[in-house]
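Everything on this sheet refers to the single structure shown next.
Naming: A, B, ... by sequence-line order, numbering from 1 per chain.
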Number of protein chains: 2
Amino acid sequence: MDIDARKLAVLLAVHRAGGVLAAADVLHLTPSAVSQQIARLESAVGVTVLDRQPRGAVLTQAGRVLAETAERIESELTDARKALAALQGEVTGTVVISAFKTVIRMLLVPLVHGLREQFPGLELLIREMDGEKAQQELRSGAVDLIILEAETPSATGPRAAPAMCRCWRNRGWWSCPRRRRSRSVRRTWSTSPGSGSTRTRPPTAPPNRPGAV
Amino acid sequence: MDIDARKLAVLLAVHRAGGVLAAADVLHLTPSAVSQQIARLESAVGVTVLDRQPRGAVLTQAGRVLAETAERIESELTDARKALAALQGEVTGTVVISAFKTVIRMLLVPLVHGLREQFPGLELLIREMDGEKAQQELRSGAVDLIILEAETPSATGPRAAPAMCRCWRNRGWWSCPRRRRSRSVRRTWSTSPGSGSTRTRPPTAPPNRPGAV
DNA sequence: GCGATTTACGGCAGGCGTAAACATG
DNA sequence: CATGTTTACGCCTGCCGTAAATCGC
């Protein structure tokens, strides 16, 4: 009888992923669970929400209405988290990071999930650009932190993996020595605890958190 | 770790009612359940949300932020229900009813809850005014349905209860004979099934539904 | 047969109520 | 003592995963 926001989120995932199977993968659930949630949502509102097709399920018109509602609710919740974080003087603001493909895929992407959980008020913008342009944007202030390949003698071949990276932040340089293949990705940069909420960037630096993904 | 919309609704109820005890009454729950929901919400967001005072609990600043979010989510959900109802061609629109105190309290107020559940797209506006003004507003179109006291010989004393009501709708008159004291409030007006969604009023009339409250 | 979704069923976390305890004027 | 909130504990609904079934190409 009453619409549950949780089920709406599941429906939204189905909409975005384009099917129950894909949505289950995104939500870290089984297709069975997703299907059950959708079924309960349909019985709750009394309307068919999914158009089952052999190539996956697409939303009906009513389903799209509910998905849009879910989208707005999701945005409300994330906004609330940000406001809460700003309220209690946590790290807040926007950090623009420039890097190249390898670092983005192997280092930054797995990092943002944990960071978003830990610092809801922190907004990370990652942009890919080459080293020359990155340093230029860094000086102009459009970028807060750049990660670029260190020039090593071995970096001559076409697919030369970067042996080390050099990061710039707050007028200083950090070198991140390459580490052994490990399951848990750990950062080694120094910690700068939150120094009050601010709307300008960069507010703080990503602190050390051993358990982070 | 993630904010649950259900818990936010509980928090909003506490905010509106002014305390856990009053909120439990509104939500048809026990104070224990409300307290537990609030406690879980606090542990989820990691912030104190209620300021426990001897005369009841009031929301902290963070709590108010969350309550505002809950208010917006609630509005989103009701909007979605209305859109859904309009989509499937159910009764939709606004009906302005004019009546007097006794009818409003004894008849309309217990009715609106059931109607809102059954017809989310129906918006009921109830206004109190005397018979003369009501008929005038009815003719002007500002009011769709009026309920006024029938002039009976016994209606001479200062607190003469109305023996019967006369209702106007769609250029016709219905007389609702007084019925015996009964637990279940039942309406006797004729049914006009939904005739497509419309944004003008009055779209349809309240249909007959024996089981309705 | 393969891909996608659904159904049946069992386990388990979470929500709620009862009852008692705690806090405060 | 009265009012308001919280805690302990048991029950039960509801969610989820496993496994099997259904449907369509």
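Using a 4.0 Å cut-off between charged side-chain N and carboxylate O, A/E74 and A/R81 make no salt bridge. One finds a salt bridge joining A/E71 and A/R16 here, because a Lys/Arg side-chain nitrogen approaches an Asp/Glu carboxylate oxygen to under 4.0 Å.
Taken from OG1 in A/T48 to CD in A/Q61, the straight-line distance is 13.0 Å, to the nearest 0.5 Å. Expressed to the nearest 0.5 Å, how far CZ of A/R72 lies from CD1 of B/I73 amounts to 12.0 Å. Of the inter-residue distances, the one linking B/E76 atom CD with A/L66 atom CG reads 11.5 Å to the nearest 0.5 angstrom.
Rounded to whole angstrom, the span from the CG atom of A/D51 across to the C1' atom of D/dG24 amounts to 14 Å. To the nearest angstrom, P of D/dT5 lies 12 Å from CG of B/L59. Rounded to an integer number of Å, the gap from B/L29 CG to D/dT13 P is 16 Å. With rounding to whole Å, B/Q37 atom CD is found 16 Å from D/dT5 atom P. Distance, B/D25 CG to D/dT5 P: 12 Å, rounded to whole Å. Atom P of nucleotide D/dG17 and atom CG of A/L27 are separated by 10 Å, given to the nearest angstrom.
The phosphate of C/dC16 has OP1 or OP2 within less than 4.0 Å of a side-chain N or O from B/R6.
Side chains of A/Q36 and A/S32: a donor on one and an acceptor on the other come within 3.5 Å.
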Letter per nucleotide, 5' to 3', of nucleotides 5-12 of chain C [B base touched, S only sugar-phosphate touched, - untouched; heavy atoms, 4.0 Å]: BBBB----
